[in-house]
Amino acid sequence: MKRLSLKWRLVILHTIVMTLVMVFVLTLLFSISSKEISANVKSELQDRVSESFDYISIKNGAVIFDKDFLEIKDGIYLSAYDGDDLDLLYGKIPYGFHYDLGFLKDDIREIKAGDVNYYVLDSDVILSDGQKLTVRGIVSIDAAQREYALTLRIALILLPLLFFLTIVSGYILSKRALDPVEKIIKKTDDIRREKDLSKRINLENTSEEISRLANTFDSLLADVEKGFEREKRFSSDVAHELRTPITVIKMACDDLLKRDDLDQDMKEDLETIKRKNDQMAKMIEKLLLLARAEQGRYKLHKHDFDLSKLAMIIGEEFKVLGKERGIEVVTLITPAVRMYGDEDLLERLLSNVLDNALKYTRSSGKIILKIDRDKDIKIEVVDTGIGMEKSQLEKIFDRFYQVDSSRNDSGSGLGLSFVKWITDVHGGKIDVQSEKNKGTTFTFTFKDQIAEK
Ligand code: ADP
């Protein structure tokens, strides 16, 4: 299963934390305000009942109620009863409330009538003539809570909206935080793909940590680049230094071979030394050329040339060489395929690949050299030789890599690295298909720059 990206993990974490905080804060707020409302209603009820005592007086031996007693202030209904009886003397009670509810003095009770909850407070008042009345205050809790319920409903509607905003803000925040990391990944990937160690990440205007990470990468790249440069210079220096002793050995061998006091054994040994020395000279030449090429010191001479003609000439040479070894070399060349490139290098490319095909094909085998053009220019070298394992295919372009150095003593493992470099500087692509003991096909594809012009 694909792992969730850090960006989305941060969004999810941010949303969970923010939602928990929101739910906690809202729950706390509502539980506090619910208690606060109850306490307020109770205290208003108490005040109103105490205040109502002033509305009752005795006039000419009769109990007189002020009209304020009937007023429903803050939703509180007042009613007065004769002593401990439940005989209503004056006042109002809410519609549907119990007429026969017994008294419980000076204690606020919660009573349900129908679907409505009420607070009820009964208090005695002693009038100026010593008569005792009971005043009852009734207030609906639900009415007071209604406003609070409305706020709660609004909050519940707002919650999904806040949830959505949390996701969006989390996404924007994590994207902003991780965008520079994406940039570093993209740039390092570009450097890896283009194999251009001179490039740097160069990230500006970013946070301190990310900029430190980018700078560390850049220093690492600089170190790796220096290392590669040193290695290239070393190969080219060594190859250069070896040229003189090799020339001296060659000259000394030639001089010695001219002498007539040598016996047959000595002559054969000298021939072997000379042959191996020539082989070494060729290898050093290739190494020097490759080192120069990789250092960018090889000057390309690109021009428009007839690739078909060049392939025809090389093909003829290899037909002769093939015949000597009992191998049939066939050319299937579309005439007049022109290419814009370094003719010299293309000649080396063809010779190297054909040389390998000859080296690794047994007698009575077959080699085909094909030149073709549709949209792109295509060079194909097919052989029926010993082939290679799949695992070896990706290494054959490395310098000094040989599948089995014992199977040819003239190889150096440099030929295909050079072929790869030539293909690269011409913007081409190489495809190798090979099967053990069946054969190998090298296909080179180049953009037709002349047709594109
Ligand atoms: P070498 O000088 O050893 O031929 P190259 O760089 O030209 O070096 O080739 C690298 C290795 O790839 C060779 O050692 C050989 O094992 C393998 N190889 C190249 N071309 C072929 C081919 N046509 N058939 C089989 N193996 C091949």
Side-chain angles (χ1 to χ4, degrees), residues 231-232 235 238-239 242 246 275-294 298 311 314-315 317-319 321-322 324-332 344-371 378-426 428-445:
E231 194 226 67
K232 282 182 205 163
S235 316
V238 168
L242 285 175
I246 278 175
R275 210 176 46 248
K276 287 288 164 193
N277 191 57
D278 285 348
Q279 216 174 303
M280 205 147 67
K282 270 192 202 147
M283 193 164 108
I284 283 163
E285 243 2 272
K286 269 190 197 166
L287 190 61
L288 197 59
L289 209 64
L290 201 61
R292 277 205 191 125
E294 284 177 345
Y298 186 94
I314 299 172
E317 279 172 25
F318 276 89
K319 275 181 190 173
L321 292 172
E324 284 171 10
R325 301 184 195 192
I327 297 168
E328 184 192 4
V329 178
V330 179
T331 50
L332 297 173
D344 237 23
L345 290 182
L346 258 296
E347 186 190 333
R348 282 169 188 266
L349 181 145
L350 290 171
S351 304
N352 263 304
V353 181
L354 283 167
D355 193 39
N356 277 348
L358 264 191
K359 266 197 299 195
Y360 303 111
T361 302
R362 296 184 195 100
S363 83
S364 81
K366 187 175 175 182
I367 295 169
I368 307 169
L369 166 65
K370 239 198 253 180
I371 304 281
K378 221 181 203 180
I379 302 175
E380 214 170 82
V381 177
V382 187
D383 69 51
T384 55
I386 57 170
M388 287 170 275
E389 305 272 2
K390 280 236 154 14
S391 58
Q392 292 155 350
L393 291 183
E394 59 200 44
K395 299 183 205 145
I396 55 173
F397 297 103
D398 294 346
R399 267 193 284 173
F400 297 112
Y401 179 78
Q402 289 181 293
V403 172
D404 179 3
S405 54
S406 63
R407 65 187 190 181
N408 86 86
D409 65 348
S410 63
S412 59
L414 288 172
L416 286 183
S417 347
F418 198 46
V419 165
K420 168 99 173 57
W421 175 78
I422 297 171
T423 314
D424 285 348
V425 292
H426 285 85
K429 268 194 229 141
I430 312 177
D431 175 65
V432 194
Q433 303 289 333
S434 191
E435 211 175 315
K436 199 102 181 118
N437 298 321
K438 286 253 170 81
T440 307
T441 302
F442 279 85
T443 311
F444 300 86
T445 320

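Heavy atoms only: backbone and side chains are in, while hydrogens, waters and symmetry mates are out. All ligand and atom numbering here is 1-based and tracks the order in the structure.
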Exactly one of L416, T440, V381, I396 should register a side-chain contact (heavy atoms from CB on, under 4.5 Å) with N356. Which one does?
L416
Note: K286 and N352 closest approach over all heavy atoms is NZ-OD1, 3.9 Å
Ligand 1 to S417 polar contact by distance, N or O atoms, under 3.5 Å
no
What do we get for V419 next to ligand 1 when only non-hydrogen atoms under 4.0 Å count, side chain, backbone, both or neither?
neither
To atom 1 (P) of ligand 1, the nearest of G413, A357, G415 on a heavy-atom basis is G413
N or O contact, L416 vs ligand 1, cut-off under 3.5 Å:
yes
Who gets closest to atom 13 (C) of ligand 1 by heavy atom: F418, Y360, F397?
Y360
Salt-bridge test for R348 and D344: reply yes if a basic N is under 4.0 Å from a carboxylate O, no otherwise.
no
Evaluation steps, salt bridge (charged side-chain N to carboxylate O under 4.0 Å, His left out), between D278 and K282
CA-CA 6 Å; D278 285 348; K282 270 192 202 147; over 6 Å; no
Grab the two heavy atoms, one from T441 and one from T443, that are nearest each other, plus how far apart they are.
CG2-OG1, 3.8 Å
Under-4.0 Å heavy-atom contact with ligand 1, by part of K359 that carries it:
side chain
